[in-house]
J.: 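Okay, handing you the structure first.
Letters A, B, ... are given to chains in the order of the sequence lines, protein chains preceding strands, and every chain is numbered from 1.
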2 protein chains.
Amino acid sequence: MVSRKSPATLPKPRRGVAAAALGMLAGCPFHDVRMKLCAAGLRPTRQRIALGWLLFAKGDRHLTAENLQEEAQASRVSISLATIYNSLNQFTQAGLLREIAIDGSRTYFDTNISDHHHFLVEGTNVLIDIPRVAVDYDGLPQPPAGKSIAGVDVIIRLRNNPSA
Amino acid sequence: MVSRKSPATLPKPRRGVAAAALGMLAGCPFHDVRMKLCAAGLRPTRQRIALGWLLFAKGDRHLTAENLQEEAQASRVSISLATIYNSLNQFTQAGLLREIAIDGSRTYFDTNISDHHHFLVEGTNVLIDIPRVAVDYDGLPQPPAGKSIAGVDVIIRLRNNPSA
DNA sequence: TTAGATGCAAATGGTTTGCATGCGT
DNA sequence: ACGCATGCAAACCATTTGCATCTAA
């Protein structure tokens, strides 16, 4: 279920100052997370730090709330599902995560917030990142008057090839 | 969201000569719908004909199950929500409709089954068709080995333009 | 006659919320 | 100490399902 690619995309700073600071602390994940949270205006509580660590210390990931709770338990950290959801939503609002709705029944949170899209393998519910550069948008249509594009969600559904 | 992903029992498609025979009855919208249903292997029951008529007689539409039920009531046809869902899923499975999941909380059914994508106006939940020709896919990435592309879902989220 | 369709109500299940308690500053 | 954060359980709610009853063929 989890897909990872690039080793560890470490700091993804949002502001210049934070960027510099994060760069200097690049060796200490705990501090990275604390700063990430602070930069986002989120109080660095025990739970948020734990979740942030699980989320951001292992490269790009696609997780559901339940996935994340299981990981937390595996790390001997007990966090209520409600708090997991709250935190994930807060992280998303803060721009630390990206939400990916699948089939209207599952919601994944993507730690890769760069501009990219996804393959979805039918049946397995596995998401695979597609680098933005791999999709050619020459013909992106004009938005209607008075509106601007807030985001583009692309999901390419894959089926297992019957023959090949 | 919910447990919204298990196809309702699909009756065995009973395609073939029957459709041709029904061709002689063409002429009025009711018959069109009947034929559509027959061609799809769906028995043309009172409810399915009513829904088919509501869905297909007014051009391209984006409807939720509840939308459709309201329209049915407005036409003095009472159909249970369960049957609406079942029918919509059956129509979708038969290729008469296309499902569009939004935000993981709403599911729209699109009567336009041609290859196209959608604008989504944030806040209003209004969907706007984007002709396929308006999006250039030259750069569609290679699917991983052993998989083929089953479909491409593109939703371009729009926000109201604050200034210009 | 009979397989398949419908309606109702109950079940589902991911997600959210209300409220009392806990913890970071 | 103050106020946001957390946990628990109950609430939510779109969607699905079980089952008894109809209906098209």
J.: Round to a whole Å and report the spacing from CG of A:Asn125 to P of C:dG14.
T.: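 Taking CG of A:Asn125 and P of C:dG14, I get 12 Å after rounding.
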J.: DNA chain D: B:Thr83 or B:Arg46, which has the more 5' nearest nucleotide?
T.: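 The answer here is B:Thr83.
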J.: Below the 4.0 Å mark, does C:dG7 have OP1 or OP2 next to a side-chain nitrogen or oxygen of B:Gln47?
T.: yes
J.: Looking at B:Arg61, is its backbone amide N or carbonyl O close enough to the side chain of B:Thr111 to form a donor-acceptor pair, meaning the two atoms are under 3.5 Å apart?
T.: yes
J.: Counting only side-chain nitrogens and oxygens, does B:Ser105 get under 4.0 Å of the OP1 or OP2 atom of D:dC13?
T.: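 Checking D:dC13 against B:Ser105, no side-chain N or O comes under 4.0 Å of OP1 or OP2.
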J.: Could you check how far CD1 of B:Ile49 sits from P of D:dA25, rounded to whole Å?
T.: 8 Å
J.: Counting the atoms with a prime plus P, OP1 and OP2 as sugar-phosphate, which does A:Asn86 contact under 4.0 Å by heavy atoms, base, sugar-phosphate, or nothing?
T.: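 It contacts base atoms.
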J.: In whole angstroms, how far is the C1' atom of D:dA14 from the CZ atom of A:Arg106?
T.: 16 Å
J.: Looking only at side-chain atoms of A:Ala82, point me to the closest of C:dT17, D:dT6, C:dG7.
T.: C:dT17
J.: Donor-acceptor check, side chain of B:Arg48 to backbone of B:Arg43, threshold 3.5 angstrom: yes or no?
T.: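 Checked: pair present.
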J.: Of the nucleotides D:dC4, C:dA5, D:dT15, which one has an atom closest to the side chain of A:Arg43?
T.: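 Looking only at heavy atoms from C-beta outward on A:Arg43, the closest nucleotide is D:dC4.
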J.: Check the pair A:Leu88, A:Leu55 against side chain to side chain contact (heavy atoms under 4.5 Å, CB included), reporting the backbone distance first and the verdict last.
T.: CA-CA 10 Å; A:Leu88 286 173; A:Leu55 285 169; 4.1 Å; yes
J.: I need the A:Ser80 OG to A:Asn86 CG distance, nearest 0.5 Å.
T.: 7.5 Å
J.: Where along residues 62-81 of chain B does a heavy atom fall under 4.0 Å from DNA chain C?
T.: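 Of all residues in residues 62-81 of chain B, the ones placing a heavy atom under 4.0 Å from DNA chain C are B:Ser78, B:Ile79, B:Ser80.
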J.: Testing the 3.5 Å rule here: is there a donor-acceptor pair between the side chains of A:Asp129 and A:His62?
T.: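 Distance-only check passes for A:Asp129 and A:His62.
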J.: Please step through side chain to side chain contact (heavy atoms under 4.5 Å, CB included) for the pair A:Ile102 and A:His118, ending with a clear verdict.
T.: CA-CA 11 Å; A:Ile102 301 289; A:His118 297 95; over 6 Å; no
J.: Do any side-chain nitrogens or oxygens of B:Arg48 fall under 4.0 Å of OP1 or OP2 in C:dA5?
T.: yes
J.: Once you round it to whole Å, what is the distance between C1' of C:dG13 and CG of A:Asp103?
T.: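 After rounding, the gap between these two atoms is 15 Å.
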J.: To the nearest Å, how far apart are A:Gln90 CD and C:dT16 P?
T.: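 After rounding, the gap between these two atoms is 11 Å.
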J.: Rounded to the nearest Å, what distance is computed from the CG atom of residue B:Leu37 to the C1' atom of nucleotide C:dA5?
T.: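 It works out to 13 Å between those atoms.
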J.: If I take atom CD1 in residue B:Ile84 and atom C1' in nucleotide C:dA9, what distance separates them, rounded to the nearest angstrom?
T.: 17 Å
J.: Check whether the side chains of A:Lys147 and B:Asn161 place a donor and an acceptor atom closer than 3.5 Å, and report yes or no.
T.: no
J.: CG of A:Leu42 versus C1' of C:dC23: gap in Å, rounded?
T.: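 After rounding, the reported distance stands at 16 Å.
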J.: Can you tell me if B:Tyr85 touches the phosphate of D:dT16, counting only side-chain N or O atoms and a distance under 4.0 Å to OP1 or OP2?
T.: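 No, outside the criterion.
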